[in-house]
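Accompanying notes for the structure given below.
Both ligands and their constituent atoms are indexed starting at 1 by order of listing.
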Amino acid sequence: MQTHLVIDGERRSGSNNETVDVFNPANGELVATVDSGSVEDMLAACNAAAQAQKTWAAVAPRQRAELLRKCYDVMMANQRELADIIVAEHGKPKADAMGEIGYAAEFFRWNSEEAVRMHGTVSVNPSGTARMLVHHVPVGVVLMVTPWNFPAAMITRKVAPALAAGNAVVIKPAKETPLTALALADLFENDVGLPNGLINMVTTASAAEPVKAAMDHDAVRMISFTGSTPVGRILLRQAADRVLKVTMELGGNAPFVVFADADLDLAVEGAIAAKMRHSAQTCTAANRFIVEASVMDAFGDKLAAAMSAMRVGNGHEDGVQVGPLIDQNAVDSVDGLVKGAVDGGASVVTGGEPIDGPGYFYPPTVLKNVAVNDSVCTEEIFGPVAPLMAFTTEDEAITLANSTEMGLMGYVFTQDLQRGLRVSEQIQAGMIGLNRGVVSDPAAPFGGMKQSGLGREGASEGIYEFCETQYISTNW
Ligand code: SIN
């Protein structure tokens, strides 16, 4: 297993000899000890990226595309091995981990296709005195700070478009899940042959100082972050000092609206996907179930039956559908939200008590009669808890759905397509699943409104996030 920092193509120990222990959340056992980078290591990585970027930006788009396509092939050829690393350090079930590698690799395939299709425009200015040429140039060096919930996909969703556009990158992977990141860096350099210094990987025990140092490095012109809204706010303030370009994929608080005319079996299937995918630790997870009063009991009972039938356990075991939470703090936080809701008058339909260790497990839980302003509805749960609340009119459903500062994702279930589209348009979220519990796709623009973020990842616009637009005024 690769446990060293990757800087300029070299495998290095941290300059201050610090390390980070990585534990399996399913049993608390030590998986590996990884080198931890210092401020000096981070600056060395930025220097290496700055050098590599100059050459890479001049590589023909077709050649860049072919190397990116090879990243896809190599990831898929190593899907099982990479998935095993994810299960060991994150805990998610094997099937989810295999799915994540497929999803993560797809960002390379998609962006290999985009790399050769970047468009600008040529036009005549309104007064007819000049030609206006608009084209896109790489930002330069991009700092990427990535989370633990998708140890591979949240890296590739940024790296693939950044490289496609001609940038070099410095990545600070989550300290909980650095092993997948380091394994990817190895594959990209050794099996794909990406140039040294193009992808630098600096794991750190504590992130604040090394990340700030990188943001102050002359060559770094952009930070791309996926994580919580509070950390995003800090990074946005720091980015202001050097007016860095940013993309921020922050927290969510997705409403899941079920109308009485919905196909309830489909709605429950969607709810399980939207809530429980990747052990309920996704930003897109359904956080509040807003259900028309006349079908509350029918939907609630079906959902509780489906949730309680899910097999919880170590992601390595066959048949396990829900893995552990990432650590004890996560269990305490989820349990605190459930207990708070119960104190506020909610009733537990299933689940509701942490599972004894080893490991950090919380059972699939359904809560009924939850108050709108209860913390379980106002905060991002990041755990397997489905709070249900009732509505009686369409307007009320929309008001409830929008009663949050977050705006990443929303779900609407109804068989009336006209109403489905009308309600979808009024939900203040960057992405909507209309009769669907999963919408993530490398070909789609992923991102949020309001305090859920800035910018989009994936789709055709994803690559332009890693570019500056340049306008040349001329005549001929
Ligand atoms: C996330 O949880 O941030 C990403 C979820 C996804 O890509 O589907």
Please tabulate, line by line, the atom pairs linking an N/O of ligand 1 to a protein N/O at a distance below 3.5 Å, with the distance in Å to 0.1, or answer 'none'.
{"unit_1": "ligand 1", "atom_1": "2 (O)", "unit_2": "N149", "atom_2": "ND2", "d": "3.1"}
{"unit_1": "ligand 1", "atom_1": "2 (O)", "unit_2": "C283", "atom_2": "N", "d": "2.7"}
{"unit_1": "ligand 1", "atom_1": "3 (O)", "unit_2": "E249", "atom_2": "OE1", "d": "2.9"}
{"unit_1": "ligand 1", "atom_1": "7 (O)", "unit_2": "Y103", "atom_2": "OH", "d": "2.7"}
{"unit_1": "ligand 1", "atom_1": "7 (O)", "unit_2": "R157", "atom_2": "NH1", "d": "2.9"}
{"unit_1": "ligand 1", "atom_1": "8 (O)", "unit_2": "R277", "atom_2": "NH1", "d": "3.1"}
{"unit_1": "ligand 1", "atom_1": "8 (O)", "unit_2": "R277", "atom_2": "NH2", "d": "2.8"}
{"unit_1": "ligand 1", "atom_1": "8 (O)", "unit_2": "S440", "atom_2": "OG", "d": "2.5"}

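No side-chain donor-acceptor contact under 3.5 Å links S112 and E66.
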**Message:** Go through it in stages, so that I can follow the logic: the residues are R109 and E106, the test is salt bridge (Lys or Arg N to Asp or Glu O under 4.0 Å), and I'd like the CA-CA distance, side-chain angles, deciding distance and then a yes or no.
**Reply:** CA-CA 5 Å; R109 182 156 65 168; E106 198 60 52; 3.0 Å; yes
**Request:** Please lay out, stage by stage, how F107 and Y72 fare under the test ring pair (Phe, Tyr, Trp, His ring centres under 6.0 Å).
**Result:** CA-CA 8 Å; F107 286 102; Y72 166 81; over 10 Å; no
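Counting only residues at least two apart or on different chains, the side-chain hydrogen bond (donor to acceptor under 3.5 Å, both in side chains) pairs with a member in residues 139-162 are Y103-R157, R157-E249, R157-E457, K158-S224, K158-T226, K158-E457.
Between F391 and F259, the distance separating the two ring centers is shorter than 6.0 angstrom.
Y411 does not carry R436 over the face of its six-membered ring by the limits of under 6.0 Å from the centre and within 45° of the normal.
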